[in-house]
Amino acid sequence: MEYNKSIDKKWQDFWDRERIFSTDTKNTKDKYYCLVMFPYPSAALHVGHARNYIIGDAVSRYKRMKGFNVLSPIGFDAFGLPAENAAIKGGFHPKTSTLNNIATMRTQLKSWGIGYDWDREVISCLPEYYKWTQWIFTKLFEKGLAYKKKAAVNWCPSCMTVLANEQVISGSCERCDTKVVERDLSQWFFKITEYAQNLLDDISLLKAWPERVKTMQTNWIGKSTGVNIEFKVEGEDKILTCYTTRVDTIFGVTYMVLAPEHPAIHDLIKNNPDKQKIYAFIEKARVQDKTDRASETVAKEGIFTGRYVINPVNGKKVPLWIANYVLMEYGTGAVMAVPTHDNRDFEFAKKYRLSLEVVIDNPKGHLDTTKMNAAYVEDGIMVNSGEFNGLGNQEAIEKIADWMEKKKIGRRSVHFRLRDWLISRQRYWGAPIPIIYCEKCGEVAIPEKDLPVYLPENVAFKPTGQSPLVDSTEFLNTKCPKCGGKAKRETDTMDTFVDSSWYFLRYISPKEKARAFDAALVNKWLPVDQYIGGVEHAILHLLYSRFITKVLCDLKYIDFKEPFGALFTQGMIVKNGAKMSKSKGNTVAPDYIIDEYGADVMRLYILFMGPPEKDAEWQDEGLQGSWRFLQRALRLVEMLENYKDSKENKELNNYEKDLVRKIHSTIKEVTQDLESSFQFNTAISRIMELVNQVYKSINEGMVRKEIFREAVSTVFILLSPFTPHIAEEVNSALGFSGSILKRKWPDFKEELIKTEEIEIAVSVNGKLRDKLMINVNWSKEKIEQKALSSSKIQSFLQGKLPKKIIYVSGRMVNIVI
RNA sequence: GCCGAGAUGGCGAAAUUGGCAGACGCGCUGGGCUUAGGACCCAGUACCUGUAAAAGGGUAUGGGAGUUCAAAUCUCCCUCUCGGCACCA
């Protein structure tokens, strides 16, 4: 038997015909929802994508054989920037190119033998899907969870258009190289911050998520508890509130800093003769990259406002500055600066010669402001802090907070790093935000009966990159659904992350016309039992999906709080040390591999190349190994057919016992590898070992046909989640009818795995010196005795008595001398 | 910069979670088979030292310290690589 392409086709057609992968969602007994992150149809899929779907397919096939009623759907995250860019460059309409890409990808996925329920396919750029994305928007809007506010965008003054972060190349427009500026636009947000605490608390429900993803989400939400403190502006009835987590340093404040975006600045500097200079500084700071501004390494820059504020705890007057290192997005946009105990403040104070005062002393030696060359950020003893002197600073945090609350000069406050989700995009290729602006009624959401708001298809793509919706008068002008008066449509579209925040619900009832999903069924099928995708989605996509799920739960559309019960994040496949991308030109197309070797060779290699959660380097040569192994395994099937059964006695001989042991231990280990985590690489290596051993025992000619047959059958049933086409072929050659997926995953018998005789290591002072065959029933004393009596060990002992002997059961003896 | 992950032979990796480092595969070397093979079968393969060949030593899991009878695994410090950082998806 030889593996070739016709085998792939034969079994793919068979699965299709028998509808093996179509799932009856009405039957919810033993349900198992296996979900892979749906792809963005950029162009053809490369082997990096393939890894995701192959892992998902291996899991879903394994679970089917374990008797689960598996649902494995697929769809396409089809809105997005690249298709629109291509259209602007003069190519196809985004819809055409996207649907073409989808057609290619569909063919690819099928040619790899990935088993999906294709009747459930969802495509997020089609009205039957985005109608419901819009519906979700209106539900959030009704709930007050969607609102408008001003927010900064990247603006190219030459193209007169908004740029995505990706389109800004080191501060300049990717298209025309003009310096990009920040510009405030009124934009739509989802109030995810209202769910910050909730999203944080429920991380504890995510038992089967990787720790690292949970940590990243926790840090992203970034809860901190501190105190809001009100500083009076000198000579005015104005108050500036700052937020600090280090209220213990409040007596050491020597100046205050505002973010350049702070709304109070305008008023504060209106009488300042130098205000033009200040405005110039603000403009400059706002152009700087935000991650740079927040980083400790980038030069701190600031300007004095000419005003002073009063520290409420001691009445001290301190100067008020504006600086690039303060961000409006976090806290209150105003920071009390304590240069002696914060490194950024320290650097800034040194640069602008602002004064320093120590309020937390180092217990190991007094701090001297004239000699400090960095802030003292460790714990210490309170000094220069009035009645709090002498306390430990950790203790003082609580005491000072109490005291300030009593005196009504500060309030305990919780802050989150998480910001509201900006969902407006000034682009064409996305779901239109279903809002109209009525001259009388203001912002009005489109009622469900009028959804979807169709994205007009007959539009022109100008090279400026401005959304064509702005010029489409036919789209723009409409009537108010409330009063029937004149109204204009919102021209922004939604972030594609909104599309992907609920697609897993749509799969359950994808054809549903009257509602987004069949809630009763969704409640039975979700949470997803296993979600599989790239670790690069660890924060945004997963957080947004959790948020939308929680909102829908609170609105009583669904009755579960978390969408994904278990999560597996696979690593990237890299080539020449870099992530595969078209721009780097290092993608590996699977098509030639399928052509040359067949789908199973590619699948096997991708699963074998390394642990699936880690990045792996693609090497074409690896395919050879998989090819060779599969051919070698197939040759066993031929050998079996021609095998002459020797007339054996009833007792199994040692070759047979060993082979039976190997069969059962392989089943055990492969099953464990799949159950505990997705260790496909080691599972496959164990099957390789079994094949090697079958060759050995058959070459000896001492094995009866029945056991040989069991070995071959085991090899292919264990391989079937990984190399399904070959497995089906062998399965039918062995005389089984129907799909191998309908057979049960094999069980192992523990008593057939056990052995009496094992080899253990003997070491002296931790260094391996000898090996020893022991019987597992021997006592500890007997084993230690045997170890000591070996001549090799004796030569190390040189007649001396050992200090100590450590015996690790069934593993080793260590003799300490 | 912040958050997260990682570093083991020539290469991809394994190591029962503190107990024989390098399973399995690639590559390479030698042999067999073959008209031929980038096919197949068998054997060998961390490094240094040693030897005619062995035996035998010694050194090794990014670097440095530490804990332990015993460390790839635990602790501290350092270096480098990768992912995310809110308008790529």
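The figures that follow rest on heavy atoms only: side chains count, while hydrogens, waters and symmetry mates do not. Labels below follow one simple rule: chain letters A, B, ... track the order of the sequence lines, proteins then strands, and each chain is numbered from 1.
If you check every strand for non-hydrogen atoms under 4.0 Å, V153(A) touches a base. Using a 4.0 Å heavy-atom criterion, one finds that G80(A) contacts the sugar-phosphate atoms exclusively. Within 4.0 Å (heavy atoms only), M37(A) reaches no atom of the nucleic acid at all. Residue-level contact check: H541(A) touches neither bases nor backbone, having no heavy atom under 4.0 Å from any strand. Within the nucleic acid shown, R769(A) comes within 4.0 Å of sugar-phosphate atoms alone, with no base atom in reach, counting heavy atoms only. Among the heavy atoms of the strands, none lies under 4.0 Å from W421(A). Using a 4.0 Å heavy-atom criterion, one finds that M688(A) contacts the sugar-phosphate atoms exclusively. F608(A) comes within contact range of at least one nucleobase, with a heavy-atom separation under 4.0 Å. As judged by a 4.0 angstrom heavy-atom cut-off over every strand, I684(A) is placed among residues making no nucleic acid contact. S424(A) comes within 4.0 angstrom of a nucleotide base, judged by non-hydrogen atoms across all strands. Among the atoms of the strands shown, only primed sugar atoms or phosphate atoms (P, OP1, OP2) are found under 4.0 Å from some heavy atom of P611(A). Contacts of F629(A) with the nucleic acid, taken as non-hydrogen atoms under 4.0 Å apart, are absent.
The aromatic rings of F190(A) and F137(A) sit tilted, their planes meeting at an angle between 30° and 60°. The aromatic rings of W502(A) and Y129(A) lie parallel to each other, their planes meeting at an angle below 30°, with 60° marking the opposite boundary. A perpendicular orientation is assigned to the rings of H537(A) and H541(A), their planes being inclined by more than 60° (bins at 30° and 60°). Using a 30° and 60° split on the angle between ring planes, Y130(A) and F79(A) fall in the tilted class, from 30° to 60°.
Contacts of residues 661-669 of chain A with RNA chain B (heavy atom under 4.0 Å): none.
The side chain of R425(A) contributes no N or O atom lying less than 4.0 Å from OP1 or OP2 of A86(B). For U81(B), the OP1/OP2 oxygens have no side-chain nitrogen or oxygen of K614(A) closer than 4.0 Å. Residue R628(A) has no polar side-chain atom (N or O) positioned under 4.0 Å from OP1 or OP2 of C41(B). For G25(B), the OP1/OP2 oxygens have a side-chain nitrogen or oxygen of N692(A) closer than 4.0 Å. In terms of phosphate contacts, N681(A) brings a side-chain nitrogen or oxygen within less than 4.0 Å of OP1 or OP2 of A14(B). For the OP1/OP2 pair of C41(B) and a distance below 4.0 Å, the side-chain nitrogens and oxygens of R632(A) include at least one atom meeting the criterion. Of the side-chain N and O atoms in R419(A), none sit less than 4.0 angstrom from OP1 or OP2 of A86(B). OP1 and OP2 of G84(B) both lie 4.0 Å or more from every side-chain N or O belonging to R212(A).
What separates CD of E174(A) from P of C88(B) is a distance of 11 Å, to the nearest Å. Look at CG on D77(A): it is 7 Å from C1' on A89(B), rounded to the nearest Å.
Side-chain atoms of M688(A) and V691(A), non-hydrogen and from C-beta on, never get closer than 4.5 Å to each other. Here the side chains of I593(A) and Y605(A) are not in contact, with every heavy-atom distance at 4.5 Å or above. Side-chain contact between I783(A) and K786(A) is absent, with no heavy atoms from C-beta onward closer than 4.5 Å. Annotation: side chain of Q426(A) is in contact with side chain of D492(A) (closest heavy-atom distance under 4.5 Å).
Taking atom P in both C41(B) and A89(B), one finds a spacing of 49 Å when rounded to whole Å. Nucleotides A36(B) and U45(B) have their C1' atoms positioned 28 Å apart, rounded to a whole Å. For the P atom pair drawn from A23(B) and U16(B), the interatomic distance equals 15 Å after rounding to whole Å. Separating the C1' atom of G30(B) from that of C24(B) is a span of 22 Å, rounded to the nearest Å. The separation of U79(B) from G44(B), taken at their P atoms, amounts to 44 Å, rounded to a whole angstrom. Taking atom C1' in both C85(B) and A46(B), the straight-line distance is 41 Å, to the nearest Å. Rounded to the nearest Å, the gap between the P atom of C3(B) and that of A14(B) is 28 Å. Remark: the separation of the C1' atoms in A71(B) and G18(B) is 7 Å, to the nearest Å.
Its glycosidic angle being more than 90° from 0, U81(B) falls on the anti side. For G66(B), the O4'-C1' to base torsion is more than 90° from 0; the nucleotide is therefore anti.
Position along RNA chain B of the nearest nucleotide to Y544(A) versus V535(A) favours V535(A) as the more 5'-ward residue. Between I806(A) and L540(A), the residue whose closest nucleotide on RNA chain B is further toward the 5' end is I806(A).
In the interface, the side chain of R427(A) is paired with the base of C87(B) through a donor and an acceptor atom under 3.5 Å apart. Below the 3.5 angstrom threshold, one finds a donor paired with an acceptor across the side chain of K771(A) and the base of C20(B). Counting atom types as modelled, E617(A) pairs no side-chain N or O with a base atom of C11(B) as donor and acceptor under 3.5 Å. Counting distance only, with no hydrogens placed and no angle test, the side-chain atoms of Q187(A) and the base atoms of C87(B) include a donor-acceptor pair under 3.5 Å. Residue-to-nucleotide contacts include a donor-acceptor pair under 3.5 Å from the side chain of N814(A) to the base of C69(B).
Closest to the side chain of Y40(A), out of G12(B), A89(B), C69(B), is A89(B). Proximity note for R417(A) (side chain, C-beta onward) versus A89(B), A86(B), C20(B): the nearest is A86(B). Among C88(B), C26(B), G83(B), the nucleotide with an atom closest to any side-chain atom of E621(A) is C26(B). Listed nucleotides G84(B), A43(B), C87(B) differ in distance to I539(A); the shortest reach to its side chain belongs to G84(B). In this structure, the nucleotide among A86(B), G19(B), C87(B) sitting nearest to the side chain of A164(A) is C87(B). The E759(A) side chain lies nearest to C20(B) when the options are A86(B), C20(B), A15(B). For T682(A), the side-chain atoms get nearest to A15(B) when compared with the rest of A15(B), C87(B), G83(B).
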For this session: Kindly determine whether F748(A) and T666(A) satisfy side-chain contact (heavy atoms from CB on, under 4.5 Å), including the steps that lead there.
Result: CA-CA 9 Å; F748(A) 60 91; T666(A) 305; over 6 Å; no
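Looking only at atom types and distance, the side chain of Q217(A) has no donor-acceptor partner in the side chain of W209(A) under 3.5 Å away. One side chain, N692(A) or R632(A), offers a donor N or O that lies under 3.5 Å from an acceptor on the other. In this model, a donor atom of one side chain and an acceptor atom of the other lie less than 3.5 Å apart for Q679(A) and S677(A).
Stem analysis of RNA chain B (Watson-Crick or G-U pairs, both distances under 3.5 Å, runs of at least three) returns B:1-7 with B:79-85, B:10-12 with B:24-26, B:27-32 with B:40-45, B:46-49 with B:56-59, B:62-66 with B:74-78.
Note: F629(A) and F608(A) fail the aromatic proximity criterion, with ring centroids not under 6.0 Å apart. Ring centroid separation for the pair F189(A) and Y147(A) comes in under the 6.0 Å cut-off.
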